[in-house]
Amino acid sequence: MDTHPFGMEILSCENRLSRFHTHICRPLSALKGQFADQAAYNQMLRTGDPVVYEVYEVLRPVVAGELPHGLSIVHPGRVGDEYFMTKGHFHSVRDTAEIYHCLKGHGLLLMQNEGGEWATEELRPGRLVYVAPGWAHRSINLSETEDLVTFFVYPGHAGHDYEAIERRGFLKLVVQCDGTFRVVDNRVGSGVVER
Ligand code: F6R
Ligand code: ZN
């Protein structure tokens, strides 16, 4: 991989970077078990498999001094009352942070740590969120019409651990209620109901 400095553009009209290594599209079918309303999830899949989010990433060598970075685009939509969102993950090396900078749209970063604490931070253009080391994170698009676009950067040796979230979900769900969003308990996450 090139070890020289480089520059790039964030192409906001197209929601992409002028240079990147990977472009991942996550369709609804890749988020099996993540949305609380499984009937709504299955119903939606019967009529298609929309792209829920996309990620453009500039990869870097997997070492502590590097900074992989990219764009995350969560499209608008809902499964039942729950907004479209990313899978969410811990970093495999728990002691690693991440910065998200919102470029477009309106969303939430939902976070939780292994001690059972949770937090949300709103994402609006110009707003930056610091995901502290040890906090799992998921971006959620609260808009009915607009993409949620964020720029992220994290340490090169962080790695991604999806398993804990795939198994238990987040402690909280973010749902639409009376025209606004609510953060409610995830009864599955608390172990009351098996997913
Ligand atoms: C990297 C990071 C983001 C996410 C992206 C997609 O550490 O947090 O780049 O990878 O927002 O979300 P996931 O990875 O949860 O599918
Ligand atoms: Zn991350």
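Indexing begins at 1, ligand by ligand and atom by atom, following the structure's order. Numbers here are sequence positions counted from 1. Keep in mind that this is a model prediction, so the values were computed, not measured.
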Could you measure the distance from the CD atom of Q176 to the CZ atom of R182? Nearest 0.5 Å is fine. 9.5 Å

Looking at E121, H106, E122, which one forms a side-chain hydrogen bond (donor to acceptor under 3.5 Å, both in side chains) with R127? E121

Do the side chain of S18 and the main chain of E9 share a donor and acceptor less than 3.5 angstrom apart? yes

For E82 and A36, work out which heavy atoms get closest and say how close.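 So the two residues come closest at OE1-N, 2.8 Å.
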
Are the ring centres of [X] and [Y] closer than 6.0 Å?
X: H89; Y: Y162; value: yes
X: H23; Y: Y56; value: yes
X: F152; Y: H69; value: no

Tell me which N, O or S atom from E98 is the closest to the Zn ion (ligand 2).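 The atom in question is OE1.
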
Decide, counting backbone as well as side-chain atoms, whether H91 has an N, O or S atom less than 2.8 Å from the Zn ion (ligand 2).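 Of the N, O and S atoms in H91, at least one lies under 2.8 Å from the Zn ion (ligand 2), which means yes.
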
Check: every ligand 1 N/O to protein N/O pair under 3.5 Å:
from, atom 1, to, atom 2, distance (Å)
ligand 1, 7 (O), H89, NE2, 3.3
ligand 1, 7 (O), H91, NE2, 3.1
ligand 1, 7 (O), E98, OE1, 2.7
ligand 1, 7 (O), E98, OE2, 3.4
ligand 1, 7 (O), H160, NE2, 2.7
ligand 1, 8 (O), H89, NE2, 3.1
ligand 1, 8 (O), E98, OE1, 3.0
ligand 1, 8 (O), E98, OE2, 2.8
ligand 1, 8 (O), Y100, OH, 2.7
ligand 1, 8 (O), H137, NE2, 3.2
ligand 1, 11 (O), S72, OG, 3.3
ligand 1, 14 (O), H89, ND1, 3.2
ligand 1, 14 (O), Y162, OH, 2.5
ligand 1, 15 (O), G88, N, 2.8
ligand 1, 15 (O), H89, ND1, 3.0
ligand 1, 16 (O), Y53, OH, 2.5

Would you give the angle at the Zn ion (ligand 2) between H137 atom NE2 and H89 atom NE2, to the nearest 10°? 90°

